Each structure stands twice: as C-alpha cells, then as structure tokens.
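This report concerns only the one structure given below.
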4 protein chains.
Amino acid sequence: MTDDHRQARRTQILDAAQAAFAAEGFQATGMAEVIAASGLSAGAVYRYFASKDELIEAIVDRVLEQRAVHLDEVLASRRELSAAEAVGVAVELVTEVAESGPVDITRLAVQAWGEGLRNPAVAAVAQRVYGRVRTYFAAVLRREVEAGHLPSSFDVAAGAAALLSVVLGYALQRLLMGDVDAASYRAAVADLLR
Amino acid sequence: MTDDHRQARRTQILDAAQAAFAAEGFQATGMAEVIAASGLSAGAVYRYFASKDELIEAIVDRVLEQRAVHLDEVLASRRELSAAEAVGVAVELVTEVAESGPVDITRLAVQAWGEGLRNPAVAAVAQRVYGRVRTYFAAVLRREVEAGHLPSSFDVAAGAAALLSVVLGYALQRLLMGDVDAASYRAAVADLLR
Amino acid sequence: MTDDHRQARRTQILDAAQAAFAAEGFQATGMAEVIAASGLSAGAVYRYFASKDELIEAIVDRVLEQRAVHLDEVLASRRELSAAEAVGVAVELVTEVAESGPVDITRLAVQAWGEGLRNPAVAAVAQRVYGRVRTYFAAVLRREVEAGHLPSSFDVAAGAAALLSVVLGYALQRLLMGDVDAASYRAAVADLLR
Amino acid sequence: MTDDHRQARRTQILDAAQAAFAAEGFQATGMAEVIAASGLSAGAVYRYFASKDELIEAIVDRVLEQRAVHLDEVLASRRELSAAEAVGVAVELVTEVAESGPVDITRLAVQAWGEGLRNPAVAAVAQRVYGRVRTYFAAVLRREVEAGHLPSSFDVAAGAAALLSVVLGYALQRLLMGDVDAASYRAAVADLLR
DNA sequence: TATGAATGAGGTTTCATTCAT
DNA sequence: CATGAATGAAACCTCATTCAT
C-alpha cells in the first residue's frame, strides 16, 4: 500500500500510544492498552512498530521533535528577544501544549527523562532535541553579552543549559507540584534575569 | 523482634532497592532483582514492605528527604546567602551526591518524577520535600527583595520555583545530556542572576 | 486460468516450501518464510494450497514420490540385482539426492517421519511410498530365496522392511551423526548380507 | 529446598513433557499443554527449565540415555552375542519400551531426529547416545570378524552403523507403517545376516 | 521470624489465515 | 487472479505476591 497509508497508520498508533504512555509511563503501560486505544489489532500494531521499545523511541522522538519545531516557529516570528523573553515564550508554549488536547503531552517528556536514563536511544533523542533548544538559547545569550547585559566572560553554553533548566523545571513542577502559575513564573524569571 | 532489628532490615532492603531502582527505574526493575540484591528472601522483603509500591514510596521518601536534610544542614552553616549562592550550594550538593557512592542516587530523583505522575503517594512526597526547598529559596529571595535587589512586587514563591528549576534542571541535564559542568553552570547562573 | 498456470504456481510454491521446511522442519517454519521464499503473496499461496497442512502434505507427497520414482527408474535399468546391490543402489541414490541441489532434500524425509506421527495424511503418503519400495525389495528377496541364498521359510515382507531400514537408517545417520560414508556403508552392508 | 525435591519436580515435569511431546512433536506442542499435564503452574515449570528449548534438550537426553542404559544392562547380562542376536535384543527392547507405559516413548526418538536437524544441542545428544550403541555393535562385529564370519577387511564402524539402521528403521517403521512384527523382523534379520 | 517454592494473571510478540481492494 | 494489510487467538515467558514449612 501507499506510503500515505503507512504514515496514517503510524500516526494512529502513535496518537494512541502517546495518550496511554502519558497517563502511566512507558513501562507501566501494557501493549494491550496501546493496542486497544489504537483501534487496531495486535498484529497490525506490530506491523508498524517492531517492538514496544521501537514504539517508545518513536513516541519520544515525535513528541520532543514537535515541541522543538513548535518552539522554532514561535521564536522565528519573534526576533531579537531578550533571555527573559525567550524563556517566557518557551514557558508559555509548555503551558499551551499541556492544556491543549485530551492528554497533557508534557507528562510524556517527564517519562522520557526517566526512560532516557535506561534506554540510550531515548537519551540520544533527548540530547538532539534539547541540544537544539540550548543552541537557540545560546544565541539569545550571545546577543545579551554583545549588548553588555552580561559580562564578556559569560559562558554562553552553560547559561543556555540554565535557561533550559528554567523551562524544563517549570514543566516538571507544573505537573508534579501543581501549584505553578505560568504568568507568575514568567514574571519572576524576568525579574530574576533583571 | 526489636525495633532496631526492624530498622536495620528496612535499611538493608532500601539500600539494595535504591541501587536497583536507580539503574533501571521503578517499573523496569523486578522485585526479584531487589530481593537478590538485598541478600534476603522474598518473604523477608515482603515482611518489611507490603508491596512494591510501598517500597517505591519508602525509597523516594528516604532519598528526597535525605537530600533536603543534607541541603538544610549545608545552608544552616552558611547564613545570609544570596540567591545565586544558594542555588550554587544546591548545585554543588547535587554533584557531590551524584558522584559519591557506587550508584548515582540523583537518577532516582528523575525516576521519582515520572513515578510521581502516576502514583499520588510519590507525588505527595515530592511536593513535601521540594516544597521545603522552595520555602528556603523563598526566604533567600525575600532577603533579596528587602535588600532592594529585586522589586518589591517580586513574587517570591514563583521565584523560588524558578530557582528550584535551576537545580532540578541541572541534575536532569547532568544525567541525560552528560555535558554540564557544575562550576561553569554555577558561574553562569551567578552571572544571570547578577 | 489454465491448468498449466496452476501447475506452474504450485511448483513454484512447493519449491520454496521444500527449501524452507527442509531447513527448519514443518512446524518451526512459518508460512511467512514460505511465502517470502516463493516470491508470491500470501493470498496467492493460499489460493493454491488451502492451509499449511495441505502444503505439508503436498510437499511430503512430492518429495517421497519423486524419490520412489527415481529409485524405480534406476532399478528398472539394472535388472536381477542381489539384495546387497539393491540396497547399495538405494544408498547411492540417497547420497546423490542429498548432495544435489541447494538444500538437502533428505532432511525433509526425516521431518516427514515426525510429521507422519501426528498427521495421518502424511503417514498415509509415507505408507504408500515406502510400501512400494518394500514391494520392490520383497521381489529382490524372493529371487534370493528362489536362488537358495535364503531359506524357503524366509519372511520376504519382514526382510524387505529390514532392507528399507538399512536405507532409511543410512539417510538418518548421514544427517544426524554426520560420519557415515556411502561407500564404506555399502561395502559393510554387502559383507553383512554375504 | 533439597536436591531430592528438585529432582522430583524435574522428573514430574519431564514425565508430563515426555507424554505431550511424544503425542504431537516438540514444535507442535505448546508449553501450556506441558504445564497442564505436569500439574504445576507455568511459573513452577519455568523455575526448573529455563526455556522450552532447555526442556526439549533434557527430554531428548533423558529418553535416549535411558534407552542406551537399558540396552547396556540387557547386553551386559547376555555375553558373546552374535550380530543377529545383538540386533534382535535391541529390536526386542524397542518393542518392549514402545508397548510399556501410557505413551509410546519411541515416538519421541523419531521427533528427536527431526529436532536434531535444527537444534545442535539435540543433535549432540543423539550423536553421543547413538555413538555408544554403535560402539557396542562394533565390538560384536569385531568378534564376528575374529571368528571368521566376516572378512578381515570388514569395516566394523560402517557395519555398526548398518546394524543401528536396522534397529532405528524398525522403530520408525513400527510407528509409521504400523505393520512390522517384532518376531518376524528379528527372524528375517537373523536370516539376512546368516 | 525466615524461607523460597509456588502461583497464575498478565507481559510482549508471532502466527496461520482472510478479504477488501 | 493477485495483493498484502489486517486479524486475534495463542505462543512463550515473567512477575509481584503468598504461604506451608
């Protein structure tokens, strides 16, 4: 059959798996749940993904990649942001993604972190995608150095990691602590970064 | 038997479980592995922990609690820290803990985050412990507001969440990305916070 | 379509199945392997053989029948053989068949024996074909009795079974033990039968 | 628990598996059938045999080994047999074993031959046990050579293989053809070997 | 109190076969 | 006539947990 069909089926399965894995994590979710949620048969699911691990990797890749692409798009439309603004945009995006759709996809990211500690393929995906986000933050920080807002000795790469922390930490605390408000968080970050 | 004995056995089991869970995560680690690592029998382990979930909860509680206590102690000895210094101390503590001992306990924290999304008891532990850390950061920030380094409108609670993000994000990126250096990270955070 | 076409397709499938089944046995070989080896689609294979069992039966029938026909031809050209010579010719034929072609078809015979124990249709094929071979051996032995080389009380049918054993046992030991030489075996059999 | 217990359980499982595999062959028999026949749970069976393959190997080993030991004992009590007598004894033993017990164990031997073609461990067992039987037949034949009943040029190893063929071929035809009588077969073999 | 053998439901994956296109 | 995607029962095996000793 056509490649379109293949993509459609993979998407159908990934959508189902995304919801299932987001709810319970990768290891605690059985393939039976994914299969039932997909509306397909076990055989059909295994035609498109050779194993649960392959499915997990595809899910992580898709979710993280989509978020990064999303961030790229938003940032491309908003030029010359300050560090505080860039982080704020990312925080806003996390919030929007979390609240859109039937399941909160940001839960998957947290699950992916744990999975990445035991599955090198998942770790590689995280490194690639988060690396790209850090590269963007690094560019923003470089401009801040050039503008004299940060010392010339400033380590842009380490700073980018710190900004990424602020974003990932927001996503985590939003889910785990449940008491973080996007607007307050953004405002506080802006104040902290001057 | 005596309560001492009971505590000794629980510690023995928790130590074994800590190493096993840190390596592979909670769900992917079998009780058989924990039991073998503990040097006890299945029956003995189940005498002290009624279920795997109870064991997980105890592990998470102990690990997070120990870290918070550790942080308390260090901070109690270093009065009147700035926000940057407080975060720096926490980052340093994460690094020390990670590099001490045969297994990197910070891996457990990341696994606990994922587990907390599906297990309310684990989430409660995280909320309690991370809440305490945030309370400390809030106190630090309050001093910064009083000193005029931050506007009087500054939301200390949200700011404390952001500082916690910087610490947790460091622990995460250290494990998952593998390219974050504690000293550079601390320096960059100090520069970013002025 | 024409009957020729049908025969061509069946042969194409049987050739593929023969190789696959010879390698791994009937039960351990999946239809997927047969289908892939045949170069046809699953649907096509099932158009010509209603089930795996039917395919197995057809394979066994073809292979055993071909061997028996082959033996008939060779024996028809060599009249008035002694028992030792007849067995020797059969042993030679087994060796030639085993060593000709990309896969050793004699492996299929051994697999067919096991299959015959659970599949009456396969057993029936074996009974028919091996029965024919025994009939031929019986004729040879009858001549030996008439020539006075064997007592008149000699049970020709049982003797034929024994001679068949010598041939089948050769095929088996050649495959399973791997240390039987056709020439030595023939010579030893000739000596044993005087 | 004690080693006795372990042996008892293994025997219990092997007995059940023996019956199940004899009926349907190794590949066509599901572990569920073996487990049900054993009266144990799945987990218990897998405590004593790590995999189906390991169980198959243990079954083949036990069955072939028991037959060889049995043959050794019978032959040890009957010294100075002729080749015809030795084969006769073996044929008799095959018949007795086949007819004793609730399932015909000789079926397992035929299944083991097919399995040996795809499973090297099974082939190794067959080589070892049948090799021992051939060694015994070789000793018998050596005596026949020394007694002048066979030429001094006689290849005892090849001759032993031929005698083994007569025994294995009897077992096979008894099962597959169903029309071989032990007494007639033995008499015919005796006549053929003079 | 401690053991570890036993449980059996549930895990992931494969398989012969069908049928809409 | 031919395709190959889809089926879903069944395959092998693991697992958290229990309980007789």
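Below, read A as the first sequence line, B as the second, and so on, with proteins coming before strands; counting in each chain starts at 1. Computed over heavy atoms, backbone and side chain alike; hydrogens, waters and symmetry mates excluded. Being a predicted model, the structure only gives us computed values, none of them experimental.
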Next on the checklist: With a 4.0 Å cutoff (strictly under), does any side-chain N or O of A/H5 reach OP1 or OP2 of F/dA6?
Outcome noted: yes
Checklist entry - C/M31 has a side chain; which of E/dA16, F/dA16, E/dT12 sits nearest to it? => result E/dA16
Checklist entry - Going by distance alone, is a donor N or O of one side chain under 3.5 Å from an acceptor N or O of the other, for D/Q111 and C/R118? => result no
Checklist entry - Are B/R9 and B/Q12 linked by a side-chain donor-acceptor pair shorter than 3.5 Å? => result yes
Checklist entry - Closest to the D/A42 side chain: F/dA2, F/dA5, E/dG8? => result E/dG8
Checklist entry - What is the nucleic acid contact for C/G30, judged by heavy atoms within less than 4.0 Å: base, sugar-phosphate only, or nothing? => result sugar-phosphate
Item to check | F/dT3 phosphate, OP1 or OP2, under 4.0 Å from C/S41 side-chain N/O | outcome: yes
Checklist entry - Between atom CD in C/Q12 and atom C1' in F/dA2, what is the gap in whole Å? => result 12 Å
Next on the checklist: Does this structure show an ion pair linking B/R10 with B/D15, if we count only N-O contacts that are shorter than 4.0 Å?
Outcome noted: no
Item to check | Residue pair B/D53 / B/S51, side-chain donor-acceptor N/O under 3.5 Å | outcome: no
Checklist entry - B/T29 near the nucleic acid: base, sugar-phosphate alone, or nothing, with a heavy-atom cut-off under 4.0 Å? => result sugar-phosphate
Item to check | Between E/dC15 (P) and C/E24 (CD): distance, integer Å | outcome: 11 Å
Checklist entry - When the distance from CG of C/L40 to P of F/dT3 is rounded to whole Å, what number comes out? => result 6 Å
Checklist entry - Among E/dG4, F/dC13, E/dA5, which nucleotide sits nearest the side chain of D/Y48? => result E/dA5
Next on the checklist: Rounded to the nearest 0.5 Å, what separates atom OH in C/Y46 from atom CD1 in C/I13?
Outcome noted: 11.0 Å
Item to check | Under 3.5 Å side-chain donor-acceptor pair for D/D4 and D/T2 | outcome: no
Checklist outcome for this item: Ranking B/G43 and D/V45 by the position along DNA chain E of their nearest nucleotide, the one closer to 5' is B/G43
Next on the checklist: Nearest 0.5 angstrom please: D/L117 CG to C/E24 CD, how far?
Outcome noted: 10.0 Å
Checklist entry - For C/F49 and E/dA16, what is the distance between atoms CZ and P respectively, to the nearest whole Å? => result 16 Å
Checklist entry - Mapping A/R9 and B/E33 to their closest nucleotides on DNA chain F, which lands nearer the 5' end? => result A/R9
Next on the checklist: Distance check needed: E/dT18 C1' versus C/I35 CD1, whole Å only.
Outcome noted: 12 Å
Item to check | Short side-chain N/O contact to E/dT3 OP1/OP2 from B/Y46, under 4.0 Å | outcome: no
Checklist entry - When the distance from CG of D/D4 to P of E/dA5 is rounded to whole Å, what number comes out? => result 14 Å
Checklist entry - Given E/dT1, E/dT3, E/dT7, which nucleotide is nearest the side-chain atoms of D/A44? => result E/dT7
Checklist outcome for this item: Looking only at F/dT17, E/dA16, F/dA6, the nucleotide nearest the A/R47 side chain is F/dA6
Checklist entry - Are OP1 or OP2 of E/dA5 and a side-chain N or O of D/R6 less than 4.0 angstrom apart? => result no
Checklist entry - To the nearest angstrom, how far is D/E54 atom CD from F/dC13 atom P? => result 10 Å
Checklist entry - According to a 3.5 Å limit on both distances, what stems of 3 or more consecutive Watson-Crick or G-U pairs are formed with DNA chain F? => result E:2-21 with F:2-21
Checklist entry - Could you give the distance from CG (C/L176) to CZ (C/R107), rounded to the nearest 0.5 Å? => result 10.0 Å
Item to check | Along DNA chain F (nearest heavy atom to each residue), the more 5'-positioned of B/A28 and D/A32 | outcome: D/A32
Checklist entry - Can you tell me how far P of E/dT14 sits from CD of D/Q27, to the nearest Å? => result 16 Å
